[in-house]
Student: 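My questions all concern the structure below.
Whatever order the structure lists ligands and atoms in, that order sets their numbers, starting from 1.
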Amino acid sequence: MSTYFQVKQLEDGSFTKSGVRGFGYLDPAQALLLETLGQLEVSGSVLDLTARGGALALEFRNQGLEVSALEISQTAITALSLTAKSAGFKVLEPAQVFDLEMQFDLACLILSADRGNALVRFWLERAFAATKPGGRVLVAGDKDKGFERYFKEAKTFFGSAEILERSKGLRVGLLEKTLFEAPIQPRAERFTIEARGLKLECEALPGVFASGKLDTASKVLLEHLPNASSKRVLDIGAGYGALGGILALEGGSVTMLEDDWFSVQSIARTLKLNNLNARVLHSDVDSSLEKDAKFDLIVMNPPFHVGKDVILDVALEFIEAAKRHLATHGEIYLVANHFLPYEQPLANLGRVREVARDRGFKVLAVSS
Ligand SMILES: C[S@@+](CC[C@H](N)C(=O)[O-])C[C@H]1O[C@@H](n2cnc3c(N)ncnc32)[C@H](O)[C@@H]1O
């Protein structure tokens, strides 16, 4: 197995791996939350809503508190589960994010504003739902990504708010639940995309990649793919299901892999809306796929950011996974910004063809 899946233990005893925000060190927002804990007296039960590899949950556990941790990234869940096992705290299922009901004295949350307002509002509403009356929410975020604005907005429904820490671009604030009327929950977005002469009705939860539209790179890719009819198709990093959904409409037998649990839920909704059958797995790259599964056509628009950092580890592992699961005479099609260096990693399969160069993107293809 490649080094991508190797799990690493940090000095504090928590685990991390490639693909988790802040891999190799602590996510800076989480590190600042940890520093801020000295200013708080905490007792009772704590929920970490954006737990990453579990560093914060581990610290609360060391203080003898009752701790639960939640993550929606399968990549992070792998590391978090190991930390939880050694520290003895509970990891909630991603689906439990919808049933949080005033159980906790303190909730912790890192706002990742790089995925849009709707997702930030969703998390703040969930933090509100999770805390007891009089409970508190410790929030970290980036000043340049609207932290103060989100914090001010949250104050209107929590009742009380104070900034505890400012460090470089990061902020930590404390919300206290003194009002009890829940804010309105952001809803999933419905929209239609069109490609290859087909129409796909889509539904995407807050923060899902390219929600509301067909991403331009994915559009370019769809314009250049071979016919998927009767083929076994794998879509790695499927988002709300744009590529896999269109190829399923075309008659492909499609499997979609996605790290983000909200995306997995969105794909399920998209499939239902179109009466389509396809398989969806919550998976860190191909970690949830059978080792011997083979596909005739493998498609991807790989991510090259983890948070705001440009990191190619995940994208390179998408390529390795595609090689592992390619059937004899199968084809891999990938779209990327034209400057990203994916030709070399694809090359040991065969001659890499640049099928298109359009609107700042290139489509690469390779056959086994
Ligand atoms: C550029 S988006 C493409 C989404 C979709 N294919 C489309 O064309 O709209 C990349 C997707 O990869 C997913 N992703 C990121 N890391 C992943 C991982 N480790 N395993 C599986 N999917 C991952 C992201 O959540 C995101 O939905």
Side-chain angles (χ1 to χ4, degrees), residues 2 4-7 16-21 23 52-53 71-79 94 112 114-116 119 189 191 193-196 200 202-225 233-248 254-267 270 278 280-289 297-307 309-322 324-325 332-337 340 342 360-361 363:
S2 78
Y4 172 82
F5 290 102
Q6 276 172 16
V7 178
T16 185
K17 73 169 286 297
S18 251
V20 177
R21 284 180 192 231
F23 172 58
R52 317 291 196 238
E71 253 301 334
I72 57 165
S73 154
Q74 185 57 43
T75 312
I77 290 170
T78 307
S112 301
D114 49 340
R115 291 178 62 189
L119 186 61
E189 192 171 2
F191 53 100
I193 63 167
E194 288 189 48
R196 303 167 77 79
L200 184 72
C202 303
E203 189 163 320
L205 287 163
V208 169
F209 176 81
S211 172
K213 60 177 190 290
L214 176 59
D215 173 61
T216 308
S218 304
K219 188 167 188 216
V220 172
L221 178 59
L222 281 165
E223 284 166 8
H224 294 282
L225 290 177
V233 178
L234 180 66
D235 177 358
I236 311 182
Y240 59 78
L243 304 175
I246 291 282
L247 298 179
V254 176
T255 298
M256 294 183 245
L257 305 178
E258 195 24 88
D259 173 64
D260 173 54
W261 184 80
F262 287 170
S263 299
V264 171
Q265 296 305 305
S266 306
I267 295 169
T270 294
V280 192
L281 300 173
H282 191 201
S283 183
D284 176 8
V285 193
D286 59 341
S287 67
S288 303
L289 188 63
L297 177 62
I298 303 185
V299 298
M300 63 180 90
N301 172 5
F304 59 100
H305 287 112
V306 177
D309 304 320
V310 173
I311 294 176
L312 295 185
D313 295 21
V314 179
L316 294 175
E317 199 56 33
F318 273 30
I319 293 175
E320 292 310 311
R324 287 194 277 276
H325 294 285
I332 301 174
Y333 272 75
L334 167 160
V335 68
N337 289 57
L340 290 170
Y342 296 140
F361 302 101
V363 176

Student: With backbone taken as N, CA, C and O and side chain as the heavy atoms from C-beta onward, which portion of Tyr240 lies under 4.0 Å from ligand 1: side chain, backbone, both, or neither?
Tutor: neither

Student: If hydrogens are left out, which of Glu258, Lys17, Arg115, Gln74 has an atom nearest to atom 27 (O) of ligand 1, that is, the closest non-hydrogen atom?
Tutor: Glu258

Student: Of all the heavy-atom pairs spanning Ile77 and Pro94, show the shortest one and how long it is.
Tutor: CD1-CG, 4.0 Å

Student: List the atom of Gly212, the atom of Glu189, and the distance in Å for their closest heavy-atom pair.
Tutor: CA-OE2, 3.7 Å

Student: Walk me through it: do Arg21 and Asp114 pass the test salt bridge (Lys or Arg N to Asp or Glu O under 4.0 Å)?
Tutor: CA-CA 13 Å; Arg21 284 180 192 231; Asp114 49 340; 3.6 Å; yes

Student: Please compare Ala204, Pro303, Ala238, Gly19 and report which has the shortest non-hydrogen distance to atom 5 (C) of ligand 1.
Tutor: Ala238

Student: Go through Ile298 and His325 one step at a time and tell me if the side chain to side chain contact (heavy atoms under 4.5 Å, CB included) criterion holds.
Tutor: CA-CA 8 Å; Ile298 303 185; His325 294 285; 4.3 Å; yes

Student: Under 4.0 Å from a heavy atom of Leu243: which atoms of ligand 1 are those, numbered in the order shown and with their elements?
Tutor: 6 (N), 8 (O)

Student: Provide the number and element of each atom of ligand 1 under 4.0 Å from a heavy atom of Thr75.
Tutor: 19 (N)

Student: Taking 4.0 angstrom as the limit and counting only heavy atoms of Val314, give me the atoms of ligand 1 inside it, by number and element.
Tutor: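 Answer for ligand 1: 16 (N), 17 (C), 18 (C), 19 (N).
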
Student: Please state which protein non-hydrogen atom is closest to atom 22 (N) of ligand 1 and give its distance, to 0.1 Å?
Tutor: Asp259 N, 3.2 Å

Student: For atom 19 (N) of ligand 1, what's the nearest protein heavy atom and its distance?
Tutor: Asp284 OD1, 3.0 Å

Student: Below 6.0 angstrom between ring centroids: does that apply to Phe191 and Tyr240?
Tutor: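 Yes, close enough.
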
Student: For Gln6 and Ser18: C-alpha separation, side-chain torsions, deciding distance, then whether side chain to side chain contact (heavy atoms under 4.5 Å, CB included) applies.
Tutor: CA-CA 8 Å; Gln6 276 172 16; Ser18 251; over 6 Å; no

Student: Show the atoms of ligand 1 that are less than 4.0 angstrom away from any heavy atom in Ser283.
Tutor: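 Near Ser283, meaning under 4.0 Å from one of its heavy atoms, ligand 1 has 20 (N), 21 (C).
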
Student: Would Phe304 count as a contact of ligand 1 if the rule is a heavy atom under 4.0 Å away?
Tutor: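 No heavy atom of Phe304 comes that close to ligand 1.
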
Student: Are any of the N/O atoms on Val285, whether in the backbone or the side chain, positioned under 3.5 angstrom from an N/O atom of ligand 1?
Tutor: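 Yes; at least one N/O pair falls below 3.5 Å.
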
Student: Which ligand 1 atoms are under 4.0 Å away from a heavy-atom of Asn301?
Tutor: 1 (C), 2 (S), 3 (C), 8 (O), 10 (C)

Student: Does Tyr4, backbone or side chain, put an N or O under 3.5 Å from an N or O of ligand 1?
Tutor: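 Yes, Tyr4 has an N/O under 3.5 Å of an N/O on ligand 1.
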
Student: Just going by heavy-atom distances, which of Ser73, Gly237, Ala76 is nearest to atom 6 (N) of ligand 1?
Tutor: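 Minimum heavy-atom distance to atom 6 (N) of ligand 1 goes to Gly237.
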
Student: Is the shortest N/O to N/O distance between Ser218 and ligand 1 below 3.5 Å?
Tutor: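 Among all N and O atoms of Ser218, at least one is under 3.5 Å from an N or O of ligand 1.
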
Student: Quick check: does Asp215 get an N/O under 3.5 Å from an N/O on ligand 1?
Tutor: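 No, Asp215 has no N/O under 3.5 Å of an N/O on ligand 1.
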
Student: Where do Val363 and Glu223 land on the side chain to side chain contact (heavy atoms under 4.5 Å, CB included) test, with the steps shown first?
Tutor: CA-CA 10 Å; Val363 176; Glu223 284 166 8; over 6 Å; no

Student: For the pair Arg196 and Leu247, evaluate side chain to side chain contact (heavy atoms under 4.5 Å, CB included) and give the outcome as yes or no after the intermediate values.
Tutor: CA-CA 9 Å; Arg196 303 167 77 79; Leu247 298 179; 4.0 Å; yes

Student: Looking only at atom types and distance, does a side-chain atom of Glu203 sit under 3.5 Å from a main-chain N or O of Ser266, one as donor and one as acceptor?
Tutor: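 Pair absent, no side-chain N/O of Glu203 close to backbone of Ser266.
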
Student: Mind listing the closest non-hydrogen atom pair of Val285 and Ala321 along with its distance?
Tutor: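 Val285 and Ala321 have their closest heavy atoms at CG1-CB, 3.6 Å.
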
